Chemist: 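Let me begin by handing over the structure; questions about it come next.
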Amino acid sequence: MTPAPHRSHTDDLLAFIAASPSPYHVVASAAQRLEKAGFRELLGTDDWTGATGGCFVSRAGALIAWYVPEGAPAHTPFRIVGTHTDSPNLRIKPAPDTGSSGWRQIGVEIYGGVPLNTWLDRDLGISGRLALRGGPDGTPRSSLVQIDEPLLRVPQLAIHLDRTVNDGVALDRQRHIAPIWALGDPREGELLRLVAAAAGEDPADVLGWDLMLHDIQPPGYLGAEREFVVASRLDNQVSVHAGVSALVDAATGVTEPTFVPVLAAFDHEEVGSGSETGAQSPLLERVLSRSVAARGGSDEDWSRALSGAFCVSADMAHAVHPNYAERHDPDHRPLPNGGPTVKVNVNQRYATDSTGIALFTAACERAGAPWQPFVSNNAMPCGTSIGPLTAARLGVTTVDVGVPGLSMHSARELCGVEDPAYLAAILGAVMTGN
């Protein structure tokens with residue numbers, strides 16, 4: 001059976017996922033845990049002079065958090081854990097109320113690399129944020145919404161009407177993915193009224209939204225010995241949760257001001273990271289440089305802090321699939337509960353090099369946690385993550401790692417029950433050097 005410490009961590013992970021159906025909820029969940037641990041939120045418009053201890057900045061679906069140990073010089077090197085808050089899903093269009101043949105439906109866009117068949121015949125809720133009419137200065141405010149009820153469903157065509165369905169499902173991204181939710185003719189503004197009511201807001205105050213669908217089936221355990229976790233959005237909330245846990249532990253366990261531990265949770269990784277809250281933006285660079293300046297640091301201190309920095313880009317990885325083993329490299333076949341993988345790609349789809357491997361595996365040894373190597377089959381295109389972007393933007397040694405799992409990007413994914421705790425322990429060792 002699963003060791004108690006790992007089960008406790010994984011129970012907490014499942015609660016985190018259940019509370020976080022959108023990137024905005026991921027940030028809110030992380031911020032809540034950080035504030036409970038004594039971290040304070042800084043606004044970009046605040047004066048950060050003298051800011052030490054635990055701090056964080058949030059912007060929409062992104063969060064940067066760090067902890068400055070007492071007595072740490074301004075040039076203290078950073079130990080960065082990079083993650084992302086978004087997951088592939090279906091997102092609601094600006095004019096959503098639509099329908100056909102006597103059915104009321106909702107128009108959706110496809111966000112990221114979605115295996116569309118995994119969203120068929122699932123009970124779906126709505127989550128995200130509303131942009132609302134603000135105060136006298138016109139600044140909009142926002143409100144989170146989470147409807148964990150079976151509101152919508154994308155129905156699959158019955159096999160009687162498509163006898164070739166088992167030869168492969170061909171789904172038109174425009175015509176076949178609109179979910180149903182009622183009978184009758186479309187009613188303009190109906191979705192807005194429902195969502196605003198769920199958020200406790202006046203529909204007249206809603207000026208815009210970022211809304212998406214989520215599978216309402218709760219996360220849980222699977223297997224004869226309950227050795228697997230099954231949930232939506234394991235990619236990449238496993239890593240965000242591990243990073244938050246590691247940072248909180250680092251803030252309470254640092255005895256020497258050796259490093260400044262940092263968590264960078266970006267949005268929009270699944271669509272290339274090219275946004276104000278994505279890894280291609282200057283968000284992390286600006287926050288870290290301001291944190292150095294807040295402690296009286298100079299440009300020289302900033303350069304020294306970066307020169308000694310190390311970044312772990314943590315994102316889900318592929319376990320070997322027993323039904324498609326030929327799709328994997330024959331000599332690199334990670335399995336769940338064998339520890340996080342270290343991802344290597346010589347074409348820099350992952351930023352890992354030998355220095356990064358040495359630093360990360362040394363942290364594994366200090367944490368008493370296993371790890372596994374990963375490389376893609378040469379005949380298969382290799383994925384990527386924020387690692388190469390962060391390495392290129394900051395010029396810091398970076399290693400790409402991740403918990404191995406199955407069904408990545410599906411509406412419901414799987415990983416080992418022990419690996420999330422292994423990852424958190426290793427990230428803690430990276431952050432503190434202990």
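This structure is a prediction, so every number in the text was calculated from the model and none was measured. All heavy atoms count here, side chains included; hydrogens, waters and symmetry mates do not.
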Chemist: Check whether any side-chain N or O of Asp419 sits under 3.5 Å from a backbone N or O of Pro336 as a donor-acceptor pair, and report yes or no.
Modeler: no
Chemist: Checking Arg366 side chain against Ala429 main chain: does a donor-acceptor pair fall under 3.5 Å?
Modeler: yes
Chemist: Using atom types as modelled and distance alone, determine if a side-chain donor or acceptor of Thr352 lies under 3.5 Å from a backbone N or O of Val399.
Modeler: no
Chemist: Which atom pair, heavy atoms only, marks the closest approach of Ile426 to Cys364?
Modeler: CD1-SG, 3.6 Å
Chemist: Once salt bridge (charged side-chain N to carboxylate O under 4.0 Å, His left out) is applied, what residue pairs with a partner in residues 266-275 remain, sequence neighbours excluded?
Modeler: none
Chemist: With rounding to the nearest 0.5 Å, note down the distance linking NE2 in His25 to CE in Met212.
Modeler: 9.0 Å
Chemist: Hey, what do you get for CG (Leu144) to OG (Ser22), rounding to the nearest 0.5 Å?
Modeler: 6.5 Å
Chemist: Which residues satisfy the salt bridge (Lys or Arg N to Asp or Glu O under 4.0 Å) test with Asp329, sequence neighbours excluded?
Modeler: none
Chemist: Testing the basics here: between Leu234 and Cys415, what is the closest heavy-atom pair and its distance to 0.1 Å?
Modeler: CD1-N, 3.9 Å
Chemist: Return the OG1 to CG distance between Thr341 and Leu423, rounded to the nearest 0.5 Å.
Modeler: 9.5 Å
Chemist: Strictly by ring pair (Phe, Tyr, Trp, His ring centres under 6.0 Å), give each pair with a member in residues 410-434 just once, sequence neighbours left out.
Modeler: His6-Tyr422
Chemist: Is a donor on one side and an acceptor on the other found under 3.5 Å between the side chain of Glu418 and the backbone of Gly339?
Modeler: no
Chemist: Got a second to check how far Leu130's CG is from Leu192's CG, nearest 0.5 Å?
Modeler: 8.0 Å
Chemist: Hey, could you give me each pair passing ring pair (Phe, Tyr, Trp, His ring centres under 6.0 Å) that has a residue in residues 210-254? Not counting sequence neighbours.
Modeler: His9-His241, Phe16-His241
Chemist: Are Ser313 and Asp400 close enough that a side-chain donor and a side-chain acceptor fall under 3.5 Å?
Modeler: yes
Chemist: Taking Asn345 for its side chain and Arg349 for its backbone only, find out whether a donor-acceptor pair lies under 3.5 Å.
Modeler: yes
Chemist: Would you say CD of Glu285 has more than 12 non-hydrogen atoms from neighbouring residues, nucleotides or ligands within 6.0 angstrom?
Modeler: yes
Chemist: Just to verify, what does Pro282 make a side chain to side chain contact (heavy atoms under 4.5 Å, CB included) with, not counting sequence neighbours?
Modeler: Arg286, Arg393
Chemist: If you take all heavy atoms of Leu43 and Trp48, which pair is closest and at what distance?
Modeler: O-NE1, 2.9 Å
Chemist: Among pairs that include at least one residue of residues 305-342, which meet ring pair (Phe, Tyr, Trp, His ring centres under 6.0 Å), considering only residues two or more places apart or in two chains?
Modeler: His321-Tyr324
Chemist: Pairs under 3.5 angstrom only: tabulate donor-acceptor contacts from the side chains of residues 113-124 to other protein residues two or more places apart or in another chain.
Modeler:
residue: Thr118; atom: OG1; partner: Pro115; partner atom: O; Å: 2.8
residue: Thr118; atom: OG1; partner: Ala411; partner atom: N; Å: 3.0
residue: Asp121; atom: OD1; partner: Gln156; partner atom: N; Å: 3.0
residue: Arg122; atom: NE; partner: Thr118; partner atom: O; Å: 2.5
residue: Arg122; atom: NH1; partner: Asp215; partner atom: OD2; Å: 2.9
residue: Asp123; atom: OD1; partner: Arg153; partner atom: NH1; Å: 3.0

Chemist: Suppose we screen for salt bridge (Lys or Arg N to Asp or Glu O under 4.0 Å). Which residues come up paired with Arg193, at least two apart in sequence or across chains?
Modeler: none
Chemist: Under the 3.5 angstrom rule, does the side chain of Thr252 hit a backbone N or O of Asp249 as a donor-acceptor pair?
Modeler: yes
Chemist: Report, as yes or no, whether the 6.0 Å neighbourhood of atom CD on Gln174 holds more than 12 heavy atoms from other residues, nucleotides or ligands.
Modeler: no
Chemist: To the nearest 0.5 angstrom, please state how far the NE2 atom of His84 sits from the OG atom of Ser239.
Modeler: 7.0 Å
Chemist: What's the shortest heavy-atom distance between Pro322 and Leu406, and which atoms?
Modeler: CD-CD1, 4.4 Å
Chemist: Within the side chain of Thr10, is there an N or O that forms a donor-acceptor pair under 3.5 Å with the backbone of Ser8?
Modeler: no
Chemist: Can you list every pair that meets salt bridge (charged side-chain N to carboxylate O under 4.0 Å, His left out) and has a residue in residues 51-60, with sequence neighbours left out?
Modeler: Arg59-Glu276
Chemist: Using the side chain to side chain contact (heavy atoms under 4.5 Å, CB included) criterion, which residues pair with Ser87? Sequence neighbours excluded.
Modeler: Arg233
Chemist: Roughly how far apart are Asn337 CG and Glu225 CD, rounded to 0.5 Å?
Modeler: 10.5 Å
Chemist: When you measure from the side chain of Glu35 to the backbone N and O of Arg40, does any donor-acceptor pair fall under 3.5 Å?
Modeler: no
Chemist: How would you list all residue pairs meeting ring pair (Phe, Tyr, Trp, His ring centres under 6.0 Å) that involve residues 363-406, not counting sequence neighbours?
Modeler: none
Chemist: Distance only, no hydrogens: is a donor on one side chain within 3.5 Å (strictly under) of an acceptor on the other, for Ser58 and Glu41?
Modeler: yes
Chemist: Please list, chain by chain and in numerical order, all residues satisfying salt bridge (Lys or Arg N to Asp or Glu O under 4.0 Å) with Asp210, sequence neighbours excluded.
Modeler: Arg129
Chemist: Does the Thr76 side chain pair with the main chain of Phe259, one donor and one acceptor, at a distance under 3.5 Å?
Modeler: no
